[in-house]
> 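Structure provided below as structure tokens; questions to follow.
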Amino acid sequence: MADKKPILIDGKQIAKDIKEEIKKEVAEILDHGQRPPHLVAILVGDDGASLSYVSSKEKQSQEVGFTSSVYRFPESISEQELLETIDFLNRDNEVDGYIVQMPLPQHIDARKIVDKIDPKKDVDGFHPVNVGRMVLSLPSYIPATPYGIVTLIERSGIETEGKNCVVIGRSDIVGTPVALLMSRKGEHRNCTVTLCHSKTQNIKELCLQADIIVVAIGKPEFLKADMVKEGAVVIDVGIHRIKDNSEKGYHITGDVDFENVSKKCSYITPVPGGVGPMTIVSLLTNTLSAYKHEFYQE
Ligand code: GUN
């Protein structure tokens, strides 16, 4: 298969298609005289990455016709005040779903905060009830990045049944749920999954057996061409800004050595433009599900 071009999985286009579908559905809701879905983001402090993520969420929510609100608090907010805000949002019938932007300041116990979110409104899918329901294959909110990844695989028509899938990285919000989802029963699932992490001793050998590799390890260009078999599908979750001598002064790379790995792949996600654009769209999909009470009855 040498020098055969891989198919680039176009996350930007797939995200755009899904947004169009959501937008259409919202227009129908409005045509029926109903209020639009409402997504709230709670933002504490002024971390630059969190600010830009929340403003993207706001912009994209509005683009599909959702009502979007941001509750901003200073870094000094107490845990109690934040818990009270969550209680308020849980009881507000005009709010369908909300997220508490992470990370939170050190003096706030993030676990306590997430546990207080009403699972019916937990569009991040971080509450233990939603995590448990996902493990049991019950309908639930799936966290944005894993949801984006499985959607890319589905919409690209990639064969998964009986395939070996290696996931690199075991974080609670990416690696662990991706490994779980890919192993579940169902179309575009049914993989035999190996979850690799910092203590795995033979990552290279395991990767060489893989038909699908999902890399979410947070290390620039970790996955090299000699770790990948011909024809593999590679999903790159990383995004890193690397300083260089270019005019811009940096370039963007993922967890995969794209230039060399892509030569061996059947499909690969680019960085940027692969997994990244899918995350907010997945949050929008979850919010629409929350609005429609798809997973939980009242
Ligand atoms: N911080 C980085 N990613 C996320 C996310 O998906 N949800 C929340 N709540 N915080 C984040």
> Please round to the nearest 0.5 Å and tell me the distance separating atom CG of L82 and atom NZ of K112.
11.5 Å

> Side chains of R35 and D96: does their closest heavy-atom pair fall under 4.5 Å?
yes

> Any chance the side chains of N260 and D257 put a donor and an acceptor closer than 3.5 Å?
yes

> What residues, two or more places apart in sequence or in another chain, satisfy side-chain contact (heavy atoms from CB on, under 4.5 Å) together with P277?
K12, A15

> Is there a donor in the side chain of S55 and an acceptor in the side chain of E58, or the other way round, less than 3.5 Å apart?
no

> With a 4.5 Å cut-off on side-chain heavy atoms, are D46 and R72 touching?
yes

> Say whether, by atom type as modelled, one donor and one acceptor occur between the side chain of R170 and the main chain of L195 under 3.5 angstrom.
no

> Taking all atoms of both residues into account, what is the closest heavy-atom pair of P272 and I239, and its distance?
CB-CD1, 4.5 Å

> Measuring from atom CG of D47 to atom CG of L51, what distance do you get when rounded to the nearest 0.5 angstrom?
7.0 Å

> Could you list the donor-acceptor pairs under 3.5 angstrom formed between side-chain atoms of residues 278-288 and any protein atom two or more places apart in sequence or on another chain?
unit_1: T279; atom_1: OG1; unit_2: Y53; atom_2: OH; d: 3.4
unit_1: T279; atom_1: OG1; unit_2: G276; atom_2: O; d: 3.0
unit_1: S282; atom_1: OG; unit_2: A144; atom_2: O; d: 3.4
unit_1: S282; atom_1: OG; unit_2: G148; atom_2: N; d: 3.3
unit_1: S282; atom_1: OG; unit_2: M278; atom_2: O; d: 2.8
unit_1: T285; atom_1: OG1; unit_2: V281; atom_2: O; d: 2.9
unit_1: N286; atom_1: ND2; unit_2: V123; atom_2: O; d: 2.9
unit_1: N286; atom_1: ND2; unit_2: I142; atom_2: O; d: 3.0
unit_1: T287; atom_1: OG1; unit_2: L283; atom_2: O; d: 2.8

> Keeping the roles fixed (side chain from N190, backbone from G186), state whether a donor-acceptor pair exists under 3.5 Å.
yes

> Are a donor atom and an acceptor atom from the side chains of N90 and Y98 found within less than 3.5 Å of each other?
yes

> Indicate the atoms forming the closest heavy-atom contact of G162 with T192, along with that distance.
O-OG1, 4.5 Å

> Pairs in or reaching into residues 133-143: which pass side chain to side chain donor-acceptor pair (under 3.5 Å), with residues at least two apart or in two chains?
none

> Measure the CD-NE2 distance between E94 and H38 for me, rounded to the nearest 0.5 Å.
8.5 Å

> With a 6.0 Å cut-off (strictly less than), is the heavy-atom count around NZ of K59, excluding the residue itself, greater than 12?
no

> Backbone N or O of G231 within a donor-acceptor pair of the S266 side chain at under 3.5 Å?
yes

> Assess the residue pair V40 and K121 against the criterion (side-chain contact (heavy atoms from CB on, under 4.5 Å)); give the C-alpha distance rounded to whole Å, side-chain angles, the decisive distance to 0.1 Å, and a yes or no.
CA-CA 10 Å; V40 173; K121 296 190 176 188; over 6 Å; no

> So how far is it from E159 CD to I212 CD1, rounded to the nearest 0.5 Å?
9.5 Å

> Testing the basics here: between P128 and R111, what is the closest heavy-atom pair and its distance to 0.1 Å?
CD-NH2, 3.5 Å

> May I ask you to test the I235-I268 pair for a side-chain heavy-atom distance under 4.5 Å?
no

> So, do V70 and K57 sit near enough that their side-chain heavy atoms are less than 4.5 Å apart?
no

> Please check this pair: side chain of E81 against backbone of S78, looking for a donor-acceptor N/O pair closer than 3.5 Å.
yes

> Are Y147 and Y291 linked, directly or through other ILVMFWY residues, by side chains that come within less than 4.5 angstrom of each other?
yes

> Taking H127 for the side chain and P119 for the main chain, is one N or O donor matched with an acceptor at less than 3.5 Å?
no

> Look at the side-chain heavy atoms of Ile, Leu, Val, Met, Phe, Trp and Tyr, link any pair under 4.5 Å apart, and say whether V228 and I7 land in one connected group.
no

> Linking I/L/V/M/F/W/Y whenever their side-chain heavy atoms sit closer than 4.5 Å, directly or via other members, would F126 and L89 fall into one cluster?
yes

> Which side-chain N or O atoms in residues 198-208 pair as donor and acceptor under 3.5 Å with protein atoms at least two apart or in another chain?
unit_1: T200; atom_1: OG1; unit_2: H197; atom_2: N; d: 2.8
unit_1: T200; atom_1: OG1; unit_2: H197; atom_2: O; d: 3.2
unit_1: K204; atom_1: NZ; unit_2: D226; atom_2: OD2; d: 3.4

> Quick one, K185 with E161, criterion salt bridge (Lys or Arg N to Asp or Glu O under 4.0 Å). Give me CA distance, side-chain angles, the key distance, then yes/no.
CA-CA 9 Å; K185 281 186 186 163; E161 189 158 311; over 6 Å; no

> CD1 of I42 to CE of M102: how many Å apart, nearest 0.5 Å?
9.0 Å

> Donor-acceptor pair, D124 side chain versus P143 backbone, under 3.5 Å?
no

> Does the side chain of K229 pick up a donor-acceptor pair with the side chain of Q209 at under 3.5 Å?
no

> Keeping R184 on the side-chain end and V135 on the backbone end, is there a donor-acceptor pair under 3.5 Å?
yes

> Which of these passes side-chain hydrogen bond (donor to acceptor under 3.5 Å, both in side chains) with T253: H240, E259, E221?
E221

> Okay, side chain of D255, backbone of K219: is any donor-acceptor separation there less than 3.5 Å?
yes

> Answer whether the closest heavy-atom distance between the side chains of F66 and P36 falls below 4.5 Å.
no

> With the side chain counted from C-beta on, respond yes when E20 and V64 share a heavy-atom pair under 4.5 Å apart, and no when they do not.
no

> I would like to know whether K23 and E63 meet salt bridge (Lys or Arg N to Asp or Glu O under 4.0 Å); could you show each step before the answer?
CA-CA 8 Å; K23 200 170 159 181; E63 280 167 6; over 6 Å; no

> Check V166 against C196 and note the closest heavy-atom contact, atom names and distance.
CG1-SG, 3.8 Å

> Give, for atom CD of Q60 and atom NZ of K19, the distance between the pair rounded to the nearest 0.5 Å.
3.5 Å

> Do V234 and I217 sit in one hydrophobic cluster, given that two such residues count as connected whenever their side-chain heavy atoms are within less than 4.5 Å of each other, even indirectly?
yes

> Decide yes or no for I149 and V275: does some side-chain heavy atom of the first lie under 4.5 Å from some side-chain heavy atom of the second?
yes

> Could you pull out every donor-acceptor pair under 3.5 Å between side chains of residues 244-251 and any protein atom, sequence neighbours left out?
unit_1: D244; atom_1: OD1; unit_2: S246; atom_2: N; d: 3.0
unit_1: D244; atom_1: OD1; unit_2: S246; atom_2: OG; d: 2.6
unit_1: D244; atom_1: OD1; unit_2: Y250; atom_2: N; d: 3.1
unit_1: D244; atom_1: OD2; unit_2: H251; atom_2: ND1; d: 2.8
unit_1: S246; atom_1: OG; unit_2: G249; atom_2: N; d: 3.3

> If only atom types and distance count, is the side chain of H188 paired as donor or acceptor with the main-chain N or O of I158 below 3.5 Å?
yes

> Any side-chain heavy-atom pair from N130 and M134 closer than 4.5 angstrom?
no

> Do the side chains of M182 and I9 join up, straight or via other hydrophobic residues, at under 4.5 Å, putting them in one cluster?
yes

> Can a salt bridge be assigned to the pair E21 and R155 using a cut-off of 4.0 Å between side-chain N and carboxylate O?
yes

> Identify the two heavy atoms, one from P6 and one from S262, that lie closest to each other, and give their separation to 0.1 Å.
CG-O, 3.3 Å

> Between Q101 and I99, which heavy-atom pair has the shortest distance, and what is it?
OE1-CD1, 3.6 Å

> Apply side-chain contact (heavy atoms from CB on, under 4.5 Å) to the pair V193 and V167, showing each step before the final yes or no.
CA-CA 7 Å; V193 174; V167 179; 4.3 Å; yes

> Spell out, as yes or no, whether a donor-acceptor pair under 3.5 Å connects the side chain of K116 to the backbone of L83.
no

> What pairs with E75 under side-chain contact (heavy atoms from CB on, under 4.5 Å), at least two apart in sequence or on another chain?
P105

